[in-house]
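Have a look at the structure below before the remarks.
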Amino acid sequence: MTDSFVHKGKRKFLVEYLREKIGISDENVLKAMNDVPRHLFIQSIFEEFAYEDRAFPIAAQQTISHPSTVAEQTELLEINKDEKVLEIGTGCGYQTMVLMKMHAVVFTIERQKDLFDYSKKKFKELNCRPKFQSFGDGFLGLPTFAPFDKILVTCGAENLPQELLHQLKIGGKMVIPLGKTDEQILYRFTKISENKIQKEEFGIYKFVPMLGDTNL
């Protein structure tokens with residue numbers, strides 16, 4: 001595993017693209033994106049293109065999201081240092097590591113065993129592990145560790161998972177794509193009180209579907 005000057009140079013160009021073309025203004029997000037070696041989370045045949053704004057296939061017929069999508073979702077969370085963040089959909093671990101580089105206390109769930117094993121190994125190799133990593137059903141969240149300051153769902157759900165809302169603290173934010181499998185709308189929900197939720201909409205995206213249970 002190497003992170004060469006060429007890789008680091010390409011990341012700087014990616015960060016400038018995210019700032020100038022995508023409009024990412026949170027410097028903590030941009031710094032994290034600059035710090036995380038995306039090429040180490042994808043197949044080596046795609047390494048040359050790792051810092052282009054493209055998605056790539058990973059295990060279990062899933063994908064690593066476009067860097068712009070990772071940056072936009074992360075910025076919407078408005079993460080502060082040491083906040084508890086629940087991530088639904090660990091995937092290959094790239095988004096997880098971006099959150100960790102922002103000094104969030106990350107709890108993450110993955111339902112695909114291949115991806116759970118892959119990301120766990122990757123975190124060990126990079127010596128940067130989440131607070132808790134679970135192989136399980138993302139719809140159920142992690143009630144034992146609730147409440148969470150922020151919740152990030154990296155896959156598209158047809159309906160808002162109520163159990164996740166219950167695990168969000170008052171004043172907390174959840175970023176989630178909602179809609180049918182062909183496309184979703186990205187939302188941010190802010191929990192004003194136990195009975196009041198503020199909803200904001202941020203455009204159309206295409207995510208892999210959020211599925212229940214687990215897949216060995």
Side-chain angles (χ1 to χ4, degrees), residues 14-34 36 38 51-56 62-81 83-92 94-102 104 106-109 138-139 141 147-193 195-211:
L14 172 62
V15 167
E16 287 308 307
Y17 166 82
L18 294 172
R19 179 185 283 114
E20 301 297 329
K21 302 297 184 182
I22 305 300
I24 303 300
S25 59
D26 187 330
E27 290 299 324
N28 291 325
V29 174
L30 294 170
K31 183 180 185 304
M33 298 286 288
N34 190 57
V36 179
R38 187 175 187 247
Y51 298 104
E52 295 181 5
D53 195 15
R54 296 167 58 179
F56 296 103
Q62 305 297 298
T63 59
I64 181 173
S65 294
H66 293 72
S68 58
T69 301
V70 171
E72 288 170 319
Q73 283 197 289
T74 306
E75 184 170 61
L76 289 176
L77 283 175
E78 298 179 354
I79 293 173
N80 297 305
K81 184 180 179 181
E83 284 189 323
K84 286 173 62 179
V85 178
L86 173 61
E87 178 193 36
I88 307 300
T90 315
C92 64
Y94 174 67
Q95 170 76 80
T96 318
M97 194 162 179
V98 169
L99 297 173
M100 290 190 286
K101 285 293 184 180
M102 295 182 69
V106 182
F107 299 74
T108 185
I109 304 175
F139 280 101
F148 296 96
D149 297 292
K150 307 288 166 63
I151 297 178
L152 174 62
V153 181
T154 65
C155 38
E158 289 200 18
N159 301 295
L160 181 62
Q162 293 301 309
E163 181 58 34
L164 296 183
L165 271 183
H166 293 322
Q167 294 177 33
L168 191 63
K169 71 181 293 185
I170 303 299
K173 300 179 187 296
M174 177 163 66
V175 173
I176 179 172
L178 295 176
K180 301 294 183 180
T181 55
D182 54 341
E183 65 179 25
Q184 300 87 25
I185 295 174
L186 188 61
Y187 290 95
R188 179 171 64 189
F189 294 90
T190 303
K191 194 170 186 177
I192 306 300
S193 68
N195 301 310
K196 184 177 181 182
I197 303 293
Q198 179 189 52
K199 180 173 73 173
E200 300 168 273
E201 186 177 314
F202 295 94
I204 296 174
Y205 290 77
K206 186 175 179 63
F207 288 81
V208 295
M210 183 176 180
L211 303 173

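Please read these numbers as outputs of a predicted model, since none were measured by experiment.
- The closest side-chain heavy-atom distance from Thr190 to Glu200 is below 4.5 Å.
- For Tyr187, the ring pair (Phe, Tyr, Trp, His ring centres under 6.0 Å) partners at least two apart in sequence or on another chain are Phe189.
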| field | Derivation of the side-chain contact (heavy atoms from CB on, under 4.5 Å) call for Leu160 and Ile176 | value | CA-CA 8 Å; Leu160 181 62; Ile176 179 172; 4.1 Å; yes
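- With contacts defined as side-chain heavy-atom distances shorter than 4.5 Å, the pair Ile88/Ile109 qualifies.
- Expressed to the nearest 0.5 Å, how far NE2 of His66 lies from CZ of Arg54 amounts to 8.5 Å.
- Separation of atoms NE2 (His166) and NZ (Lys191) is listed at 7.5 Å; rounding is to 0.5 Å.
- Atom OH of Tyr51 is separated from atom CG of Leu14 by 8.5 Å, given to the nearest 0.5 angstrom.
- Look at Lys84 and Asp149 and you find no salt bridge, because none of the NZ, NE, NH1 or NH2 atoms lies under 4.0 Å from a carboxylate O.
- For Glu27 and Arg19, the salt-bridge test passes: some basic side-chain N is under 4.0 Å from an acidic carboxylate O.
- Residues Ser65 and Val70 approach most closely at CB-CG2, 4.0 Å, considering heavy atoms.
- By the 4.0 Å N-to-carboxylate-O rule, Glu78 lies close enough to Arg188 to be salt-bridged with it.
- Annotation: side chain of Lys21 is not in contact with side chain of Ser68 (no heavy-atom distance under 4.5 Å).
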| field | side-chain contact (heavy atoms from CB on, under 4.5 Å) evaluation trace for Leu77 with Leu99 | value | CA-CA 10 Å; Leu77 283 175; Leu99 297 173; 4.2 Å; yes
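- In this view, Thr90 and Thr108 satisfy the side chain to side chain donor-acceptor pair (under 3.5 Å) rule, not counting sequence neighbours.
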